[in-house]
2 protein chains.
Amino acid sequence: MGTPQGPGGLPLAPVAPRPELAPPSPRVGEIVAVAREVLEKEGPAALTMRRLGELLGIRAPSLYKHLAGKTQLEARLVDAALVEIGDLLHGVVDRADAASVLGDLLAAYRAHARAHPNLYRLVTSGPLRRDQLTAGVEDWAGEPFYRATGEPYLAQALWAAAHGTVILELDGRYLPGSDLDRTWAALTAAFRRPVDGA
Amino acid sequence: MGTPQGPGGLPLAPVAPRPELAPPSPRVGEIVAVAREVLEKEGPAALTMRRLGELLGIRAPSLYKHLAGKTQLEARLVDAALVEIGDLLHGVVDRADAASVLGDLLAAYRAHARAHPNLYRLVTSGPLRRDQLTAGVEDWAGEPFYRATGEPYLAQALWAAAHGTVILELDGRYLPGSDLDRTWAALTAAFRRPVDGA
DNA sequence: ACACGGTGGCTAACGGTGTTAGCCGACCCG
DNA sequence: CGGGTCGGCTAACACCGTTAGCCACCGTGT
């Protein structure tokens, strides 16, 4: 079984609908935007209700007039980030041909995570409160891996492997001096091999 | 290149020395033991200086007579856990033959993480403070992946993939209803393939 | 024109966290 | 018997998320 192909030898077309996020009130949108900036530029420890208030010219308790709590705020960030990464990866798969999908997909996944490490960590680590998220957004973000592999469990394994590889990179867990490009090449080769053969 | 084999067709012998943890004072050992129990049985949120003091019949500030701080305590836990998992995985590789190493190794890794989810999370997530750890313990714990693959970067990729797959499992991140055994089978197959061929 | 109600600020406060300072009793050793 | 170290204690600090309650403003309906 090779890479799944739609008409013209292309990878599978998307099947999950692109989710539409509920548009937040202007003030909420502003808060979420500031929160994202704080998270990305100052790190997770700085993502504090008081810090957000400070940047918004407001006291921390006033934030609760707009948001139910910090976890809901984080859910908004996760929501938006999932759509963003879903768009990115779908676009990559759209543009790739059967021979290069896998490498392109992994490269894009890695690049995005490295460009937004704190956001990536927020999205992917710890238990996920699905009830706080927009329905379908998770499927949308993960689907490119299915489009690239054509088999749901291989897709999950690929996604999980990519996640593991990138999160360890972000956290600096590899042995010092490692050439991470080679690690990624080894990972890509492992998942490409079944495609070459058979 | 197939699975690396030592004399008799076995996987590579260990090369990193098994690290010897500095024996803590009795009281420190007691604290670390209680901390581990709290972490595993009550979760990371309960791993609190005050909670530890309570269980030890002591006030939280008194803990600082024995430990430099919470991060050092966590480092002790990580240290011990790394040795433990290293022993486990080395033992698996010792007992396995070339055909089954990979599957056995991944199965053992997964089983250990699922048996101690909170400890596993502590060990593997977030930035690693190498200066707080016993030298060599990281190498020791990771080496079984090298022994099973014979190539350092393939070993890193395999470890990373295993980590990603298991951490998403622990955090309940896969789509509801997924048969995780199949995901693991897909992962194992991806890394076994290069061994079969060539 | 006036009262009303919602919106979105505010302060004060609570219970929780890790951590520091400083006190002091007990114990061991010279 | 004196002194030092060890290991407990209380008080306190700064910070966290969060709640309660107050109030000014502003748009709307009568």
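Below, each value reflects all heavy atoms present in this structure, side chains not excepted, and no hydrogens, waters or symmetry copies. Numbered from 1 within each chain, the chains take letters A, B, ... in sequence-line order. Computed from a prediction, not measured in an experiment: that's the story for all the values here.
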| query | Salt bridge check: are B:R147 and B:E143 linked by an N-O gap of less than 4.0 Å? | reply | no
| query | Is a donor-acceptor contact shorter than 3.5 angstrom present between the side chain of A:R50 and the base of D:dG17? | reply | yes
| Nucleotide nearest B:R59 when distance is taken to its side chain, options D:dC9, C:dT11, C:dT19 | D:dC9
| At under 4.0 Å between heavy atoms, what does A:L47 touch on the DNA or RNA strands: base, sugar-phosphate, or nothing? | sugar-phosphate
| query | Quick one: which of C:dG18, D:dT18, C:dA21 gets closest to the side chain of B:P61? | reply | C:dA21
| message | Closest approach to the side chain of A:Y64, judged atom by atom: which nucleotide of D:dG17, C:dT20, D:dG8 is it? | response | D:dG17
| query | Can you tell which of C:dA21, D:dT19, C:dG8 lies closest to the side chain of A:H66? | reply | C:dG8
| query | Is the side chain of B:S100 donor-acceptor paired with the backbone N or O of B:A96 at a distance under 3.5 Å, no angle test? | reply | no
| query | Rounded to whole angstrom units, what separation is found between the CG atom of B:L63 and the P atom of D:dT10? | reply | 13 Å
| Taking side chain as C-beta onward, heavy atoms only, is A:T183 less than 4.5 Å from A:E169? | no
| Between atom CD in B:Q72 and atom P in C:dG18, what is the gap in whole Å? | 15 Å
| Rounded to the nearest Å, what distance is computed from the CE atom of residue A:M49 to the P atom of nucleotide C:dA13? | 21 Å
| field | Parallel, tilted or perpendicular: rings of A:W159 and B:Y174 (30°, 60°) | value | perpendicular
| query | What is the distance from CG of B:L67 to P of D:dG7, rounded to the nearest Å? | reply | 12 Å
| task | Tell me whether the OP1 or OP2 atom of C:dG16 has a side-chain N or O from B:R51 closer than 4.0 Å. | result | no
| How long is the line joining CG of A:L73 and C1' of D:dT18, in whole Å? | 14 Å
| request: Write down the atom of A:V101, the atom of A:A148, and the distance for their closest heavy-atom approach. | output: CG1-CB, 4.1 Å
| said: From the set C:dG18, C:dG9, C:dT11, return the single nucleotide nearest to any side-chain atom of B:T48. | reply: C:dG18
| note | Between B:A45 and A:I58, the residue closer to the 5' end of DNA chain C by nearest nucleotide is A:I58
| What is the distance from NZ of A:K70 to C1' of D:dT19, rounded to the nearest Å? | 17 Å
| query | Is the base of C:dG9 touched by the side chain of A:K65 through a donor-acceptor pair closer than 3.5 angstrom? | reply | yes
| remark: B:L52 CG to C:dT19 P, in whole Å, measures 12 Å
| Do any side-chain nitrogens or oxygens of A:S62 fall under 4.0 Å of OP1 or OP2 in C:dG8? | no
| Roughly, in whole Å, what's the span from CD in A:E54 to C1' in D:dA14? | 15 Å
